There are 2 protein chains.
Amino acid sequence: MAQQKKIPDIVIKRLPIYYRFLTNLHQMGISRVSSSDLGKKMGITSSQVRQDFFNFGSFGLQGYGYDVEQLRQEIGNILGLNKQRTMIIIGAGHLGQALARHSAFEKEGYSVVGVFDVNPHLVGTKIRDIDIQHVNKISQFCRENKVDIAVITVPRTYAKDVADLVISLGIRGIWNFTSVKLNVPEDVAVENIHLSDSLMTLGYYVKCLHEREEEQEEQEE
Amino acid sequence: MAQQKKIPDIVIKRLPIYYRFLTNLHQMGISRVSSSDLGKKMGITSSQVRQDFFNFGSFGLQGYGYDVEQLRQEIGNILGLNKQRTMIIIGAGHLGQALARHSAFEKEGYSVVGVFDVNPHLVGTKIRDIDIQHVNKISQFCRENKVDIAVITVPRTYAKDVADLVISLGIRGIWNFTSVKLNVPEDVAVENIHLSDSLMTLGYYVKCLHEREEEQEEQEE
DNA sequence: AAAATTGTGTTAAAGTTTTAACGGTATTAT
DNA sequence: ATAATACCGTTAAAACTTTAACACAATTTT
């Protein structure tokens with residue numbers, strides 16, 4: 001069974017946001033919240049909050065609202081945060097290293113178990129307590145260890161090859177930080193962080209704001 | 001004038017993707033492309049390609065398609081890539097440093113002009129050729145230099161204060177890497193990179209794939 | 001204990017986004 | 001030079017997402 005009707009991707013994308021806000025509320029010692037309170041905090045309507053949860057069942061109590069901690073747990077379970085996940089990072093450049101050192105992921109159950117690069121100056125050194133190994137050790141490592149997710153932080157020219165490699169090794173999740181579109185079989189999940197795209201989008205809105213400002217100045221004259 | 005009907009955000013988000021694919025085509029020496037070729041490469045329909053461009057005018061030629069380089073230019077102009085933009089990075093931790101060293105942004109017209117932190121071990125050192133200054137120098141720096149975008153890579157507890165500060169200094173674009181929702185006036189643009197959210201989303205799909213796999217194994221028995 | 005209020009789950013309507021359809025123009029082939 | 005083809009711009013339809021509405025259950029107030 002698992003899931004009757006396919007949950008829209010756009011709903012899935014909001015689950016981590018709910019989880020984040022519920023964690024905040026919990027840390028602030030708030031134990032109860034209504035869809036409209038939560039919506040206000042998040043900048044969405046109460047309807048959307050209820051509609052989103054409705055996809056998964058019913059977690060609230062009429063006339064009361066939601067129990068913050070219970071709802072947080074439920075969403076955590078849907079996201080699979082109750083299970084520990086392992087990641088390897090391929091490409092120990094600035095970004096790869098930053099991610100390897102970013103301890104926040106561990107709190108949510110994601111731990112980095114291996115880091116790989118081709119640079120002989122890096123191979124053999126350590127990040128936190130993890131050895132940086134040569135990329136040609138990935139196959140062996142994946143055979144000997146369960147790896148759920150591959151984080152790809154290599155230069156764009158190698159992205160495709162690295163993706164094909166990790167897929168062939170049975171890895172089913174790819175966190176792609178390169179600007180390359182990875183074409184993967186349907187039984188592999190890819191989540192992209194396209195930094196340049198994000199920056200360009202921001203640049204567009206900044207441009208629009210500047211233009212609007214100039215217009216208003218003209219009108220004032 | 002500037003813009004008759006508001007272009008949907010979702011269309012704006014796709015512009016950098018078009019730009020990326022067109023740059024690829026250009027580099028491969030391909031000078032002409034149809035909406036259906038481009039759509040196939042990007043994994044969207046030709047209708048969507050044409051519909052998206054239709055928002056901004058008409059860049060193609062019936063029976064021929066689009067001139068790759070010309071279209072790339074047009075989209076670049078819409079995004080404002082023809083103008084140079086300056087950024088400061090606030091928070092020189094692993095992520096902040098990685099972004100500061102990430103040279104790729106410069107090709108698209110975005111240059112880092114200042115890096116700030118509170119850590120006395122970092123203040124006074126350099127990243128590439130940029131001095132890391134103490135955060136209390138931001139105001140002065142922004143008065144003396146034109147700054148378009150603030151990149152926020154501080155711990156989440158400081159995010160709101162930093163955002164308020166840079167907004168008060170007239171910065172209109174914020175690239176937010178913290179997991180905090182920034183509530184900003186409507187004349188400020190925020191673009192978020194929520195790494196944890198992205199990872200959790202990936203985790204969800206990996207979980208679904210595992211579950212599906214298990215089901216199929218059961219059925220085979 | 002009854003009345004009033006709160007606020008969910010759920011269905012229906014409105015709004016957005018994507019895809020399809022097609023007239024017509026430029027290109028390419030004959 | 002003419003016919004056939006390619007493919008854009010544009011409008012219309014379909015699909016999806018968000019918001020509104022509301023019956024009713026639990027809570028809170030009187």
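In what follows, every chain begins at residue 1, and chains take the letters A, B, ... in the order their sequences are listed. Everything numeric here is computed off the predicted structure, so don't read it as measured data.
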Would you say the side-chain atoms of [X] pair up with the backbone N or O of [Y], donor to acceptor, closer than 3.5 Å?
X	Y	answer
Thr153(B)	Gly91(B)	yes
Arg20(B)	Ser179(A)	yes
Thr86(A)	Asp148(A)	yes
Lys83(A)	Gly109(A)	no
Arg172(B)	His210(A)	no

Quick one: [X] [atom1] to [N] [atom2], roughly how many Å, whole number?
X	N	atom1	atom2	value
Asp9(A)	dT17(C)	CG	P	16 Å
Ile12(A)	dC16(D)	CD1	C1'	15 Å
Asn55(A)	dT18(D)	CG	P	11 Å
Lys6(B)	dT17(C)	NZ	C1'	14 Å
Lys13(B)	dT16(C)	NZ	P	17 Å
Met42(A)	dT18(D)	CE	P	12 Å
Ile10(B)	dT19(C)	CD1	P	11 Å
Asp52(A)	dC16(D)	CG	C1'	14 Å

- [ ] Return the angle between end axes of the helix from dA1(C)-dT30(D) to dT30(C)-dA1(D), with five pairs used per end and rounding to 10°.
- [x] 20°
Hey, what are the protein-to-nucleotides 10-15 of chain C N/O distances that come in under 3.5 Å?
from: dT11(C); atom 1: O4; to: Gln51(A); atom 2: NE2; distance (Å): 3.2

So, do [X] and [Y] sit near enough that their side-chain heavy atoms are less than 4.5 Å apart?
X	Y	answer
Val135(A)	Val154(A)	no
Pro8(B)	Asn55(B)	yes
Met200(A)	Tyr19(B)	yes

Task: Selection: residues 61-68 of chain A, any non-hydrogen atom under 4.0 Å of DNA chain C - done: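 Contacts with DNA chain C under 4.0 Å: Leu61(A), Gln62(A), Gly63(A), Tyr64(A), Gly65(A), Tyr66(A).
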Open item on the list: With nearest nucleotide decided by heavy atoms, which residue, Arg14(B) or Ser36(A), maps closer to the 5′ end of DNA chain C?
Closed with: Ser36(A)
Task: Lys/Arg N to Asp/Glu carboxylate O, Lys41(A) vs Asp37(A), below 4.0 Å - done: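 Result for this pair is no, no salt bridge flagged.
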- [ ] Report which part of the nucleic acid Phe59(B) touches: base, sugar-phosphate, or nothing (heavy-atom distance under 4.0 Å, all strands).
- [x]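 Phe59(B): backbone/sugar contact only, no base atoms under 4.0 Å.
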Open item on the list: Within the 4.0 Å heavy-atom criterion, would you say Ser35(A) contacts the bases, only the backbone, or no part of the nucleic acid?
Closed with: sugar-phosphate
TODO: Check Lys40(A), Arg50(A), Gln48(A) against Ser35(A) for a side chain to side chain donor-acceptor pair (under 3.5 Å) and give me the one that passes.
DONE: Arg50(A)
Task: Gap between atom CG of Leu202(B) and atom CG of Asn192(A) - 0.5 Å precision - done: 10.0 Å
- [ ] Fit a plane to each ring of Phe105(A) and His102(A), take the angle between them on a 0 to 90° scale, and name the class: parallel (under 30°), tilted (30 to 60°) or perpendicular (over 60°).
- [x]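 Ring orientation, 0 to 90° scale: tilted.
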Open item on the list: Can you see if the side chain of Arg32(A) gets near the phosphate of dT28(D) - specifically, an N or O under 4.0 Å from OP1 or OP2?
Closed with: yes
Open item on the list: Check the phosphate of dT19(D) against Thr45(A), side-chain N and O only, distance under 4.0 Å to OP1 or OP2. Yes or no?
Closed with: yes
